[in-house]
Amino acid sequence: MLSEATVQSLQATLDNLWILIAAVLVIFMQAGFALVEAGLTRGKNVANIFMKNLVDFCVGALAFFIVGYAIAFGGSMTGLGRYFGGDGWFLAGDGVFSYGTLDKFVFFTYQVAFAATAATIVSGAMAERTKFKAYVLYSAVISALIYPVVVRWQWGGGWLFQLDTPFHDFAGSTLVHMTGGVAAAVGASKLGPRLGRYGADGRPRVIPGHSIPLAILGCFVLLVGWYGFNAGSWLAADKVIGEIAVNTTLAAGAGAIAAMTLTWVRSGKPDVAMTGNGLLAGLVGVTAGAWVVNGLGAIVIGLGAGIIVVFAVSFFDKVKIDDPVGAVSVHGVCGAFGTVMVGLFSAKEADGVVKKGLFYGGGPDQLVSQIIGVVSVAVFVFVTAWILFSILKATVGLRVGEQEEIEGLDVHEHGFGGYSNAN
Amino acid sequence: MLSEATVQSLQATLDNLWILIAAVLVIFMQAGFALVEAGLTRGKNVANIFMKNLVDFCVGALAFFIVGYAIAFGGSMTGLGRYFGGDGWFLAGDGVFSYGTLDKFVFFTYQVAFAATAATIVSGAMAERTKFKAYVLYSAVISALIYPVVVRWQWGGGWLFQLDTPFHDFAGSTLVHMTGGVAAAVGASKLGPRLGRYGADGRPRVIPGHSIPLAILGCFVLLVGWYGFNAGSWLAADKVIGEIAVNTTLAAGAGAIAAMTLTWVRSGKPDVAMTGNGLLAGLVGVTAGAWVVNGLGAIVIGLGAGIIVVFAVSFFDKVKIDDPVGAVSVHGVCGAFGTVMVGLFSAKEADGVVKKGLFYGGGPDQLVSQIIGVVSVAVFVFVTAWILFSILKATVGLRVGEQEEIEGLDVHEHGFGGYSNAN
Amino acid sequence: MLSEATVQSLQATLDNLWILIAAVLVIFMQAGFALVEAGLTRGKNVANIFMKNLVDFCVGALAFFIVGYAIAFGGSMTGLGRYFGGDGWFLAGDGVFSYGTLDKFVFFTYQVAFAATAATIVSGAMAERTKFKAYVLYSAVISALIYPVVVRWQWGGGWLFQLDTPFHDFAGSTLVHMTGGVAAAVGASKLGPRLGRYGADGRPRVIPGHSIPLAILGCFVLLVGWYGFNAGSWLAADKVIGEIAVNTTLAAGAGAIAAMTLTWVRSGKPDVAMTGNGLLAGLVGVTAGAWVVNGLGAIVIGLGAGIIVVFAVSFFDKVKIDDPVGAVSVHGVCGAFGTVMVGLFSAKEADGVVKKGLFYGGGPDQLVSQIIGVVSVAVFVFVTAWILFSILKATVGLRVGEQEEIEGLDVHEHGFGGYSNAN
Amino acid sequence: MKLITAIVKPFKLDDVKDALKSAGVAGMTVTEVKGFGRQGGHTETYRGSEYAIDFVPKMKLELVVDDSVVDTVVEAVKSAAATGKIGDGKIWVADVTRLVRIRTGEEGTNAV
Amino acid sequence: MKLITAIVKPFKLDDVKDALKSAGVAGMTVTEVKGFGRQGGHTETYRGSEYAIDFVPKMKLELVVDDSVVDTVVEAVKSAAATGKIGDGKIWVADVTRLVRIRTGEEGTNAV
Amino acid sequence: MKLITAIVKPFKLDDVKDALKSAGVAGMTVTEVKGFGRQGGHTETYRGSEYAIDFVPKMKLELVVDDSVVDTVVEAVKSAAATGKIGDGKIWVADVTRLVRIRTGEEGTNAV
Ligand SMILES: Nc1ncnc2c1ncn2[C@@H]1O[C@H](COP(=O)(O)OP(=O)(O)O)[C@@H](O)[C@H]1O
Ligand SMILES: Nc1ncnc2c1ncn2[C@@H]1O[C@H](COP(=O)(O)OP(=O)(O)O)[C@@H](O)[C@H]1O
Ligand SMILES: Nc1ncnc2c1ncn2[C@@H]1O[C@H](COP(=O)(O)OP(=O)(O)O)[C@@H](O)[C@H]1O
């Protein structure tokens, strides 16, 4: 006999299938990050960059499996559970939390891909001078502890979700990107700038990336993966994912065009690497509101992010936070920006999830929640990352020696240059 | 209560999911085009190539969102509407056209990926000498106007679709690829050949591409994306997509083998870049008939396209249309070829959609319609592209200066070389 | 009227859709193989490597379409049919075998992607010295004959599947990877080591790969594709694919971490290329048991494979089987290892499919079957590959001349270097 | 025996090589180099920041020739490489006391 | 006319160039080279196997200068390139019998 | 002090380096170069069109050595680099008037 249950189980299968595919797209973003970061740094450190991106996924996946997932999603959501979960270690047992119709393993796969994204953002900002050992330890801790706690607060049903007007961060402008970006800022400033990055006069000097092809290929890969990142965050398969995809496309395009135009106007030439950053800035920016904004909102957010990223890169240059790939600007600044924009551009109202934004007649409630969310996450990540990097600095050490840095991390940290023209 | 509607809505969700995923695969093709074009041109222009491919997607997406989609699919299909649509600007409103069970945003995402494909084909043919500003303007116009009109004629329900025996171009051998290829031919011939491309004696001189790895990686990416391009064009999820995928695989394989064998026989060595072109030629060729041909038909079309592309490349060399990557041959010539082949190899009959081809007992009707479609699209694109490039030439200028071309577009158009070995 | 059949057909559509998407992911792995192999060999042979990977897919697809599929899946499974199928040449006819709810074309697409994987593994082990002509012939034969026979024995319902406790190789640790790996070992040893690979004193000398970025990008691509490889092997869409994906992730991570740690301990530095090999080793290892093991099992298998691959590489170095990319170790050795591990770590019992492993109270039955499977496939592939390579050696010749090898296969076999810095 | 070293613009390499071939030169060795000189470099911009590139790509040719043909060779390079624009490059000549062809062991003029 | 050739550590190139500019040098030609010397190479490990890299990356500078400034130039290179650690490199000087500026045909001191 | 310059086939570099080491050479500088000579280039085909490559990859070695060891060094290069096939390369010798070790400022023979 045909039952409602049969149909529901079909829908559940559909949901699980889509989220697994979306997870694969998000995992593909790991390659995108590696490419962007490798392209925008020097050839003598290229193997190190790829190694970091490969290993942070591997270490992060195990760490998130063993503890991270339990902290983010496990256990009661009241009391201390509003800040910190604690059930479902190793995904073991039947009571392990999952979302909606999703199988726990499918939901985990999607979540682990997000954890890896948050972790990997830092590697670009700390490129070309960080000890590999310190980086591995950092990536274990962010995947096991820092990121899961942040997720707990919102997606895990914690205190930010329990606000009267819940904080709304659809696919993680704040939870994933800003978390990565703030940790990146802390890491980069703890490390100090690369040798030669500032002249004797204190003015920044350009250290050009070694391969625009790698960098822009990486942008394309990230764009492709982002459809899984945003449209997958619906956590179910239905028509809604179409509008999310369109918003993603429009914001990406607007971000790239804005950054291109701005560099064109400022320096007479459209800058390729910055246009790539603009694309990513638009994507990061729209991630929080990918579901609630409409096309016009997505374009405005994209344009805004594309403009902001250009100025943010200059700003961090000036304050001597040396971020070779612009990770702090793209993920940190534009992540915060995009999240706050939800408070202005939200065009949807959904009980207990999100209100309309200021520009759509919803009053300031959502905006206030957005600011609370951004600020609290930023502070938490800043403090914990600061502690983490301080401990690493005092123990294994954070920065390679001068000779290592001059001659390249590839040879000194891994024993072998990334490029060889041996015959 | 379980209703027919519930089941229909499940099928609709399935359809939407598949088409969104297919759209992502097609968007991935942008990376493939960038790689192929970068690999087959010189290192001094590599950042420019990637920039063009990145920006034509961004500009094209916004242009297609704002006007292109409305022209292609909007409004009544009678009268002038047979040639030119006009409803659904910005996708705004409830009456916006969509196909079958597809959500308008999903259908748009799929269509915008196709528009970006048509636009980006030109960039390879015009590589290494085109002003970036002119290229950006070109890509806005083709995505906003030229390509949408062509689509209108057929997929938008216009006059080619309203022929007694409708023109059949399943996934766009003509509408997408030949459109791009013809525009590419016009652009390349308006520009003139690259400096040094022809000797004092008028004979072509080889300007080798700088990276076969990039070029062939691009071919793999395009192959992968093409499954979304062809199988997605069914615009619904059902078993039919399997045969489409098989035809796609077989034609790709046959195309590569044909081109490989032909270069092997002609010059004693199997040419790598040409084998890659052969793969793409097979793919372009089978795109029109991907649904209606059978495996044997797909192989024959693939072989034919793989042979044709080799001769076409030589031909354009001789007539001094300098097309660094073979875009005109692959997309223009093989697109037309594949479309006409439907008139011979169509093995399916579907009322109001397609008839059997000449070789399958269907008489010449389909063949005639195919020729009408190819010729009319070719003429339309030729004329409009000619006007467009003439205007660009007379206003912003089409070609960079001699010094810019000799020293590379990367430094002169974008201020920075694509590769740096700075320490 | 709503019927059970409607719902079943929806599930069938879901199954077909998922398997087609999984097939596309597996086809993407072709790019991953090309990248890994290109990165770990020298720049003078890079076009040849890409060409081999491109062409083995094309040739293999046609060969598998024409005969391979029929041998693997066609005809009766009794008598000789237990070893060798023979029905459904060209996929023609209505009676062509397919699996479960899958359309024959969808099932074929998935299977052809696997055949191409098995074929392409060899190219890395035989890199930098094999005649292209011999390689093309080899890849036709393995796709048309050797691999299909192996598949017949198990997935095709043949004698290994008909054992009292059937041999269990869920996604092909043995059938695909070990098959490729054993053929690779035979090919590499028939060829002999590359010039300069062993000093006058007989000790191995390092011939470094030319690009770690290509190699590790390839690892990422393979990782992404592997989700299609393993989770797709369920051959239907349901929640089960989630756990398969998690096992895949964990084993990959564990493999990379194990190899990284081991090289770190042994030589003081974490080796990048070997960590990539470790990731792949973990993936190959878990492929056989991806469905039947649990997370812990996956981690242990991944760790084991990651350790084994490091020692295996040293071993083959010592016995002078020169395998530039470690294909024999990764696919051959870890494929066998992972398959046998099912006999220990299987945590599932399914009638006529698989029993619990020794460590999960299932006794030694499964272990015995696993060993029978591994040994018989290894012997069969070893013998047939030996015959094949002997015939090729005696006829077209297997190895290029000394000058060709010194100056590079790109120029000599294909007429053109893979990299050009022409102006 | 003299060693003639010439620095020329990269896109002139083919012309210079052809001119030298016509002048009867049997061999030469070419290196990709970077030049610093009057031509100056240029300003590049990367991610919004300007920076000066002081070096321009050049090609260096080295030819060991018989004393008798030095003038011909210098002349050939000069006329083939000149564009009249700043940065055309230099030619300099130095003494070589011995020249050996590795393959045969021939020395002096026979080894050219 | 002398040809001064200097081998220096790559990361010292900018400092040396600046020092030479200050010393009034108008032009030079730079090549990426690999050096073998006392500094020795290092051992690399690749996929678990060790192997020796005997060559270290260096930069070669070539400057044709007037006899009168040879000492200044040598001094400038020396002080800008020295780190005091092994592998700082060498400077050597050789005679040049003729120097031509391709663009103008000027010779000798005028061509520098 | 002499400067010995040798052009050799790339795959012979290791052998030559080893021979020079055995001959007691303490340092040298190596450059990747392209050679034009009797060996000729070859015809490549690219996308169906033929074109001539006139240059073949070579390695250039530069060694500043004491006058007393010039013959030993030339001999060592010659025997290690020779294959007997066309294109084995050249060795030439020129005078060096001064040699400085940057690190220490030592000059002449001590600086080698
Ligand atoms: N004194 C010099 N010694 C060595 N090379 C030089 C010297 N001066 C110039 N060059 C080389 O010649 C090139 C051209 O010189 P430059 O001063 O720019 O213009 P011009 O050739 O017109 O005099 C430089 O880029 C550099 O490679
Ligand atoms: N005899 C030589 N001839 C040419 N180049 C030399 C010679 N000796 C050293 N070099 C170059 O100088 C570099 C530095 O020399 P090295 O012996 O390592 O240290 P140092 O400069 O402290 O003497 C070498 O890497 C090599 O490029
Ligand atoms: N006159 C020359 N001056 C400088 N380099 C030369 C000269 N002749 C030959 N060479 C270099 O020596 C290499 C080998 O010379 P070639 O004439 O091909 O063969 P062989 O060494 O057998 O005489 C050339 O590729 C070139 O690099």
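Below, chain A is the first sequence line, B the second, and so on; all start at residue 1.
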Region of [X] that comes under 4.5 Å of a non-hydrogen atom in chain F:
X	answer
B:V313	side chain
B:V325	backbone
B:L262	neither

Out of B:N277, B:V310, B:D317, return the one with the most heavy atom pairs under 4.5 angstrom to chain F.
B:N277
Look at B:G326, B:S267, B:P208 and state which one has the largest set of heavy-atom pairs under 4.5 Å with chain F.
B:P208
Once rounded to the nearest 0.5 Å, what's the spacing between atom CD1 of B:I321 and atom OG of B:S189?
5.0 Å
Here the gap from B:E402 atom CD to B:R129 atom CZ, rounded to the nearest 0.5 Å, amounts to 14.5 Å
Looking at F:K12 and F:M59, would you say the former's side chain and the latter's main chain have a donor-acceptor pair under 3.5 Å?
no
For residues F:I4 and F:V74, determine if any side-chain heavy atom of one lies less than 4.5 Å from a side-chain heavy atom of the other.
yes
Looking just at side-chain N and O atoms, do B:N53 and B:Q30 make a donor-acceptor pair shorter than 3.5 Å?
no
Okay, F:E50 and chain B: the region with an atom under 4.5 Å from a heavy atom over there is backbone
